[in-house]
Amino acid sequence: QVQLVESGGGLVQAGGSLRLSCAASAHTFSHYNLGWFRQAPGKEREFVAAISWSETYYEDSIKGRFTISRDSAKNTVDLQMNSLKPEDTAVYYCAANRNPPVIWRATFRGGMDSWGKGTQVTVSS
């Protein structure tokens, strides 16, 4: 069973930073591509970023502000979020899937191998 547990959400002022972390089992970390999605109130879930062992892929709206990385010592996938904006407010979900990151945005609605329960990020203006 693929289990993912997010942490690191919270309340931050616009322009600030947060670092999200998603803990996975050793098996999941080694055999799956990992990434992040978000869902704002009243909106559909959207792709944010994903990472394999060889590539990263980002949604255009967060390029240059967010960085996704894998920590092999901790079996986590992290999302460093800088220059946060009020429109970044959402519940952020970690996900795992065997598809390459480049197609996650187009294919995730068809199902991912696993979702975390989410962590709330609130950016005040």
How long is the gap from [atom1] on [X] to [atom2] on [Y], to the nearest 0.5 Å?
X	Y	atom1	atom2	value
H27	N75	NE2	CG	12.0 Å
W115	F37	CH2	CZ	4.0 Å
Q120	L11	CD	CG	9.5 Å
S21	K74	OG	NZ	7.0 Å

Report yes or no: do [X] and [Y] belong to one cluster of Ile/Leu/Val/Met/Phe/Trp/Tyr joined by side chain heavy-atom distances under 4.5 Å?
X	Y	result
V102	W104	yes
V77	V121	yes
Y57	Y92	no
V91	L18	no
I68	I62	yes

Sidechain N-carboxylate O distance under 4.0 Å for D113, R98: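 No, D113 and R98 are not salt-bridged.
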Could you tell me if the side chain of [Y] sits less than 4.5 Å from the side chain of [X], heavy atoms only?
X	Y	answer
Q80	N82	yes
F66	L84	yes
D88	M81	no

Aromatic ring proximity F108/F47, centre distance under 6.0 Å: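 F108 vs F47: aromatic centres not under 6.0 Å.
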Test of ring centre spacing under 6.0 Å for W53 and F29: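 W53 vs F29: aromatic centres under 6.0 Å.
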Between [X] and [Y], what is the shortest heavy-atom contact and its length?
X	Y	answer
N33	R70	CA-NH1, 4.2 Å
P86	S125	CG-CB, 3.9 Å
A96	L34	CB-CD2, 3.6 Å
L20	W36	CB-CH2, 3.7 Å
D78	T76	OD1-OG1, 3.4 Å
R65	S83	NH1-O, 3.0 Å

Exam field: side chain [X] to backbone [Y], donor-acceptor pair closer than 3.5 Å:
X	Y	value
T89	V123	yes
S52	S54	yes
E6	C22	no

Cationic tip of R45 above Y93 ring, under 6.0 Å, 45° of axis: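 Yes; both conditions hold, so R45 lies above the ring face of Y93.
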Contacts of E46 that satisfy salt bridge (charged side-chain N to carboxylate O under 4.0 Å, His left out) - sequence neighbours left out: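 Counting only residues at least two positions away or on another chain, E46 forms a salt bridge (charged side-chain N to carboxylate O under 4.0 Å, His left out) with R38.
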